[in-house]
Structures are given as C-alpha cells and as structure tokens.
Amino acid sequence: MTDEDSELMHGGIVNKDLAQLRLKPNLRGYDDLRKTFKWADADKLVEWFPNGKINSAYNVIDRHALGDNKDKVALIYDDGEGTVQKTTFEQLYRETNKFANVLVKLGVKRQDRVFVFLQRSTELYVSFLGAIKAGAIASPMFPAFGPDAIRDRLLDSSAVALVTDSELVKRAYQVKNQLPDLKHIIVVDKADTEAGEISYRAEMDAASDDFETVHMDPEEFQFMLYTSGTTGKPKGVVHAHKGIVQQTLTSRWVLDLHDEDIYWCTADLGWITGVVYGCLGPWSCGVTQVGLGGRFGPDRWYKSIQDHRISIWYTAPTAVRMLMAKGDDLPAKYDLTSLRVLYSVGEPLNPEGVTWALDVFANKPFHDTWWQTETGSILITNFPEMPIKPGSMGKPLPGIEAQIVDENGDVLPEGEEGSLVIRPSWPSMMRQIWKNEPKYNEYMRNGWYYTGDTAQIDKDGYFWYVGRADDVIKTSGERVGPFEVESALIEHEAVAEAGVIGKPDQLRGNIIKAFIVLTPGHTESDELKEDIRKFVKSRLAGHAYPREIDIVKSLPKTRSGKIMRRLLRAKELGLPIGDTSTLED
Ligand code: WT7
C-alpha cells in the first residue's frame, strides 16, 4: 500500500474524506434517515398511472424516452470482440414496444410466464423489458443452463413462451416434449426458422413501435427467478411491480447513481443482480449502462472500464480475487481514473479485496453489499458516505430492520452469532414462491423473514457475515442447491448415490464437492470421474458441476434415508461431527 492509502486506513477502517469525493453521495446523514425515513417517501421516486397502477418497465424505459433523457444513451453493448452498439432510451422504448406487440399478437396474456434464454445482447434487455410492458411475468435464464435446468423451470412455471437463440434453443429441444404449455419459441438470430419456431426479426420488423404499457396493480408480478435451496428443485421467486420503488431507491442511495455516471454491472441477467442492478434499477434512475458480452477476462475487463469511462462498477468477490491474482501490473496499463465508486455482492468479500482496491484503483475501496434473490434489492450495505470496516457487509438500509436472532426469534446480544433475519415487509420483497406456499412459509417464522444466513452485529452496528445456516452452496457467488447436483449425478449410469457439499476454496469461495457410491460393475478411475463431471455440466449447468469427486462405499444417512450432508462436510473439513442421534447406523 502507498502512504496515501494508509492515511485512509485507521485501525483497519477505511475512512472517507467526503470533501475529496468527486460527487456528493445521494445518501447523506444515515443515522438521521434511519429515524425519519418512511417507505411512502420512496414512492415518489417512480411514476404511477392513475388509480395507483404502475409498471416497472414504464419507469425503467418509457418515462425517460418520453422525457428529457430521450436521446441519452441507455445501453452501451460491447460484444467484447470489437463491436459496440449504443441504444438510446427512445430506441429502447420503440424496441420494447415492438416486442410487447409481438407477444400480444401471439396471444400471450397478462401474467403469462415468458422466459428469456439468451447470451448478453441488446435483444436480451429488449425481450425481458418488452414482456414486462405487456403485463407478462418475465424470467431470464442463465445461458450456462443445460436441458434439465431448463425443463425444471419451464415446467414448474408452465411457461408459454421462450425467447432464445439458435445455439441455446438446441438445449430446449432436448426437453421440449416434457413441456406441454410451451407454445412459442422465438429465435432471435435465425432468418430461416424451423417449423414451430417464430422469427424474432421478422415479427419485430412487422410490429408497430407504438404500445401502451399495461397498467398493473403494484402487487401483480413483474419477473420471477428460480433459485436454489437446501432441498428440492429450484424454486420460483416471484417479484411484484411495486419492487421497482426499492430497486430505484437503492440504485440511488447505495450505488449512488448520478445523471453523468457510466455504470457497469458485471452480473448476467440470469441472476438477480443482473436483473435488478444490471437492468431495472439503474435505468429507472436514467443512467447509461454498459453491457459486456463474452466471458470474464482481466484484460478485457480493465479495457472495458477504460474505453467506456465507467464510473460505477458492481461486481463479485470471485472476480475481485481473480483480478487480484493477476497482479497489479496489469491494471497499471489501463487508464482507470474514471472510476468513482466500486461495489461487490454475492459472497463474503475478503478484507484484502477491499484494501487491494485502494491500491490499484486510486484509493477507491470496494463496498460490500448484501442481499438475496428473495429480497429483491440490497438490504445491508456499505454506503459511500460511511467508513468501511473491511470484511463487514455494512449496515441496513433505512426502512429495513435487520437483526440477529435465535431459533425462537429472540434477538441475540451484540457480537453473538445467530440467524440473520429481516422484519417483513419491504417493497421489493418476494411475493411468493411460485405455486408453493409451504416453501414460502418456511422463510417466515416468529414474525421474521429468515434469510438462511448466519451473521453478527458489532458494537458500532456493522453486520458481519458468518455463513449459511443451510446446505446452499455459493460457488463463485452463484447459488447452487446440493439436491439439484445430486439429482443430476444419479442420472449417470455409474452413480448409485450421491451427496454434495460446498468445500471452501481460496478463489471461488466454495467449490462443489460430490461423494459418490458407484453402481455395481463400475470401478473408480480418473476417466470415469471426468465423464461424470461432463455429464452434470451438459445436463444441469456449466457452472454447477462437482470439481471434486470422492468415491465412497456408503453415505451417512438418517434412518428415514436422507443424506446427512452435515456429516460429509464435517468429515471433509475436519470439524466436530456433532449430533449423530438420527444417523442410520
Ligand atoms: C446469498 C444470496 C443478491 C445478490 C446475489 C446473490 C450470499 C450475498 C453477500 C455478501 C456474504 C453474501 C448469502 C445470501 N451473499 N451477498 N455481501 N456477503 N454473503 O443472491 O444468489 O440469492 O444468494 O448469497 O449467503 O444468502 P443469491
């Protein structure tokens, strides 16, 4: 660290000299705001139709296209291969209108489920927002998903339409005969569509660019995203149009978006971060966003910041660690002076990540933010005006009551570890788990929303993440359910039984590790393990496969036959075994 940086760091705290900040933070006076803020104040950040109706996409696109931001660039899409496409708010308005008309012409009805399965591209944003304008429930899917993951989502939600491209559509065809409700497959990049496919281009060219965005009840749904829990298949987390209020507020207060900012969220739209902070929130604030196609690469990421003069950057700890691992010479080759504030989300950000950033980004630390697919927007965070304690998630947003409690819902004393809970309800909170009330109710206990995380609060009110209270795996910040991986594993002919855990990893936070019992006639070999890995990758998802596989004779199970992942984890990590009274033998 340089001398200048050490001035920022006192007793491990990153202090902020507010006079030195390029722009005044949007949120100032946190302590007072915590006392005075009312959610009704935030309602004014968005536009409402008569009779209390709303549409999130109207706020995200239309209000800017119909106002002073008409000619402002909304999206800078950089394919990472030399082609940059700029789209203004007005152009996005016309394109999303067209797409809404395409859906209406196909007969897609209010609150029908429309899935978008695309690589990052202008069409991805257009179809996602166009669907919301039309009153459908839009759902983006991560492009690394394989046929099993696609089937689980489209089947559970009875999706009627899928927007995809000529490569990804092949995976959908592998399971199409299991999807009776799927009526429309819209392919964005094919001139000659096959029987049963709809050409995006042809339909868009024929569609009017006039559309009246559907007036929705604030409690009607804008989008849904499937996410993983400990047990069962992924569950559909459903978000209401009302959420745009908090998605807008947090983009201003946390991401500190100002009119002149050029903003870049590195998350894919298949994840909640991409949806809320790579699309909805920042555009609702009328800010220019960068979308970078292709894969992660230190060179191209730094180049992107330099070329597009990015000022606000929202990324993930694994990416930060990968950049750190590349060394400090590389960023020194680029002009990164446009950066103003940096953020991260998805898993714990190590203190080293925060301080490293001070070094390479001219005194700008990463601000860790905490939230979940279910919470719909950032709830606990480091604000730009606030000193940072590296390693801490920061403090709750004004309007949010967060606590550490025990299993009875009783608040624990300062410094004690327990369940991180939030007091319902906040505007962007999920409204249901799609058609699964019992699952929704599992979150709600003792008058609290249980996040599934454990944490503690220090004497200054800063929150510190401890871990997950359940078996959910965070690998490279992406959320994976052990049951999904186990289900994919046992589809392989050589696998009789499988137990899956997260194993701590320096770079990725956790990696997926599988313990497998082989079916008779199969013997352990490196080739077999590699074959099993490939199998899961191709069926389930490119990111959700076990990097490590141990072949075992048997798996620890309860008397009722449930695999005790806790024991697998304890054994793997050399932890105390704990209570084994329910163990089978
Ligand atoms: C889980 C939610 C919503 C953003 C992307 C993740 C973990 C999230 C942090 C953080 C430590 C974090 C938690 C949480 N997580 N942010 N700042 N520090 N852990 O959304 O996929 O729904 O995962 O990610 O375990 O419960 P998600």
Side-chain angles (χ1 to χ4, degrees), residues 8-16 27 29-35 37 230 254 317 320 343-355 358 365-372 374-375 378-424 426 443-472 474 477 502 504 509-510 566 569-570 573-579:
L8 272 169
M9 300 275 297
H10 291 292
I13 294 182
V14 180
N15 283 302
K16 314 268 182 68
L27 178 137
Y30 171 84
D31 293 325
D32 285 343
L33 270 167
R34 267 206 79 76
K35 290 181 206 131
F37 173 76
T230 291
V254 182
V320 174
Y343 299 88
S344 128
V345 69
E347 49 179 325
L349 176 65
N350 338 35
E352 303 76 48
V354 176
T355 46
L358 289 173
F366 273 103
H367 292 72
D368 190 14
T369 67
W370 178 94
W371 58 299
Q372 308 177 296
E374 294 88 340
T375 69
I378 298 167
L379 298 191
I380 300 175
T381 191
N382 290 280
F383 294 92
E385 74 156 3
M386 223 180 248
I388 294 176
K389 295 191 185 188
S392 159
M393 319 192 282
K395 295 189 180 186
L397 188 80
I400 294 297
E401 185 193 348
Q403 276 295 358
I404 307 300
V405 303
D406 61 19
E407 270 312 291
N408 302 318
D410 294 324
V411 174
L412 293 171
E414 172 195 303
E416 258 183 55
E417 241 179 76
S419 298
L420 175 63
V421 294
I422 315 287
R423 185 76 77 191
W426 54 99
Y443 291 90
M444 307 296 170
R445 302 199 296 275
N446 313 313
W448 295 103
Y449 162 83
Y450 275 73
T451 64
D453 286 348
T454 54
Q456 59 195 59
I457 311 178
D458 72 13
K459 63 176 178 26
D460 301 315
Y462 281 78
F463 283 65
W464 297 77
Y465 180 82
V466 175
R468 291 285 311 186
D470 56 19
D471 291 341
V472 165
K474 296 295 306 225
N510 292 282
R566 183 172 55 84
R569 199 178 311 122
L573 305 178
L575 300 171
I577 302 280
D579 178 14

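Listed for the R423 side chain is no donor-acceptor partner under 3.5 Å among the backbone atoms of Q403. Panel note: side chain K395, backbone I380; no donor-acceptor pair is recorded below 3.5 Å. Between the side chain of N446 and the backbone N or O of E407, at least one donor-acceptor pair lies under 3.5 Å. Under the 3.5 Å distance criterion, the side-chain polar atoms of N350 are left unmatched by any main-chain donor or acceptor of G353. Although no hydrogens or angles enter the test, the distance criterion places no donor-acceptor pair under 3.5 Å between the side chain of K389 and the main chain of G12.
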May I have the step-by-step check of side chain to side chain contact (heavy atoms under 4.5 Å, CB included) for I422 and T451, ending in yes or no?
CA-CA 7 Å; I422 315 287; T451 64; 4.0 Å; yes
Under the criterion side chain to side chain contact (heavy atoms under 4.5 Å, CB included), I'd like the reasoning laid out for Q372 against Y449: C-alpha separation, chi angles, the key distance, then a yes or no.
CA-CA 12 Å; Q372 308 177 296; Y449 162 83; 2.7 Å; yes
Can W370 and I378 be said to form a side chain to side chain contact (heavy atoms under 4.5 Å, CB included), step by step?
CA-CA 6 Å; W370 178 94; I378 298 167; over 6 Å; no
Using side chain to side chain contact (heavy atoms under 4.5 Å, CB included), reason through E414 and I457 one step at a time and then give a plain yes or no.
CA-CA 6 Å; E414 172 195 303; I457 311 178; 5.8 Å; no
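Closest approach of N510 and G502 over heavy atoms only: OD1-C, 4.1 Å. Minimum interatomic distance between L412 and E417 (heavy atoms only, all atoms of both residues): CD1-O, 3.4 Å. S392 and F463 get closest at one heavy-atom pair: OG-O, 2.8 Å. When every heavy atom of L358 is checked against every heavy atom of P365, the shortest pair comes out as CD2-N, 3.7 Å. Nearest heavy-atom pair, A455 versus V466, reported as atom, atom and distance to 0.1 Å: CA-CG2, 3.7 Å. Of all heavy-atom pairs between G509 and E347, the closest is CA-OE1, 3.5 Å.
The CG atom of L379 sits 10.5 Å away from atom CD of E374, with the distance rounded to the nearest 0.5 Å. For the atom pair CG (D453) and CG (D470), the distance works out to 8.0 Å, reported to the nearest 0.5 Å. For the atom pair CH2 (W464) and CD1 (I404), the distance works out to 13.0 Å, reported to the nearest 0.5 Å. Note: Y30 OH to L397 CG = 7.5 Å, rounded to the nearest 0.5 Å. One distance of note links CG of D368 with OG1 of T381; it measures 7.0 Å at 0.5 Å rounding. One distance of note links CG of N408 with CZ of R445; it measures 10.5 Å at 0.5 Å rounding.
Contact check for V14 versus V354: side-chain heavy atoms found under the 4.5 Å cut-off. Residues L420 and Y465 are not in side-chain contact: their nearest non-hydrogen atoms beyond the backbone lie 4.5 Å or more apart. Looking at heavy atoms from C-beta onward, P390 lies out of side-chain contact with E352 at the 4.5 angstrom threshold. Within the 4.5 Å cutoff, the side chain of V254 has no heavy atoms near those of the H367 side chain. At least one side-chain heavy atom of M444 sits less than 4.5 Å from a side-chain heavy atom of P424. Residues L33 and L27 meet the side-chain proximity criterion, which asks for heavy atoms closer than 4.5 Å. Between D410 and V405, every side-chain heavy-atom pair lies at or beyond the 4.5 Å cut-off.
Here Y443 and Y450 keep their ring centres 6.0 angstrom or further from each other. Checked against the 6.0 Å centroid threshold, Y343 and F366 do not count as a close aromatic pair.
Tested against Y462, the residues M393, Q456, M386 include a single side chain to side chain contact (heavy atoms under 4.5 Å, CB included) partner, M386.
In this structure, D471 pairs ionically with R569, as a charged nitrogen and a carboxylate oxygen lie closer than 4.0 Å.
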